[in-house]
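The shown structure was predicted, so the numbers you read here are calculated from the model rather than taken from an experiment. Only this structure's heavy atoms are used, side chains among them; waters, hydrogens and symmetry mates stay out.
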Amino acid sequence: QVQLVESGGGLVQPGGSLRLSCVMSGRTFSTHYMGWFRQAPGKEREFVASIRWNYGSTYYGDSVKGRFTISRDGAKDTVYLQMDSLKTGDTAVYYCADQPVTTGRYDYWGQGTQVTVSS
């Protein structure tokens, strides 16, 4: 079955950095985009970043531009989110998601990893 497994979350102080990883397995389809989303308590899920799998084009939400970097390793079926200059407002559960070419929707989601930015 399709599985996305995230890792790298944790507790970090404001101004610090974390790198999240998401390993994909079990796919029988071609990936169009891989995305990172986040959701904080009491708030709607927010787009963070995405990468077009074939070409590596990247896109970022306004709140993270200049601080976060999405990248991929196609050979490892892994997508990364490098988070620098973290703020308390970045505290959320971070999810990776896979948008297959065949559907054009983010149909597959990881379990989420908690990122807490606190002094």
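Shortest non-hydrogen contact noted between D98 and F29 is OD1-CE1, 3.4 Å. Considering all non-hydrogen atoms of both residues, N54 and T31 come closest at OD1-O, 4.5 Å. Contact between W53 and R72 at its shortest, heavy atoms only, is O-NE, 2.7 Å. Here the closest non-hydrogen pair linking G26 and V2 is O-CG2, 3.6 Å. The minimum heavy-atom distance linking V115 with G9 is given by the pair CG2-CA, 4.2 Å. Contact record, V93 with G112: CG1-CA, 3.8 Å, taken as the closest heavy-atom pair.
Judged by distance alone, the side chain of Q39 and the main-chain N or O of Y94 form no donor-acceptor pair under 3.5 Å. Here the side chain of T91 pairs a donor or acceptor atom with the backbone of V117 at under 3.5 angstrom. Using modelled atom types, one side-chain atom of E6 and one backbone atom of Q111 make a donor-acceptor pair closer than 3.5 Å. Remark: the backbone N or O of T103 is not paired with any side-chain donor or acceptor of Q99 at under 3.5 angstrom. Looking only at distances, a side-chain donor or acceptor of R67 sits under 3.5 Å from a matching main-chain atom of S85. Checking side-chain atoms of Y108 against main-chain N and O of R27 turns up no donor-acceptor pair under 3.5 Å.
Partner of M34 under the side chain to side chain contact (heavy atoms under 4.5 Å, CB included) criterion, out of I70, D77, L4: L4 alone.
Side chain to side chain, S71 and R19 fail the donor-acceptor criterion of an N or O pair below 3.5 Å. Between the side chains of S118 and Q13, no donor-acceptor pair is found at a separation under 3.5 Å. Defined by atom type and a distance below 3.5 Å, a donor-acceptor pair is missing between the side-chain atoms of T78 and D73.
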Discussion item. Assess the residue pair D90 and R38 against the criterion (salt bridge (Lys or Arg N to Asp or Glu O under 4.0 Å)); give the C-alpha distance rounded to whole Å, side-chain angles, the decisive distance to 0.1 Å, and a yes or no.
Written reply: CA-CA 9 Å; D90 296 319; R38 66 187 184 186; 2.9 Å; yes

Worksheet item: Given Y60 and V48, is the side-chain contact (heavy atoms from CB on, under 4.5 Å) satisfied, shown in steps?
Response: CA-CA 6 Å; Y60 297 94; V48 175; over 6 Å; no

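A ring-centre distance under 6.0 Å is found for F47 and F37. For Y106 and Y95, the gap between ring centers reaches or exceeds 6.0 Å.
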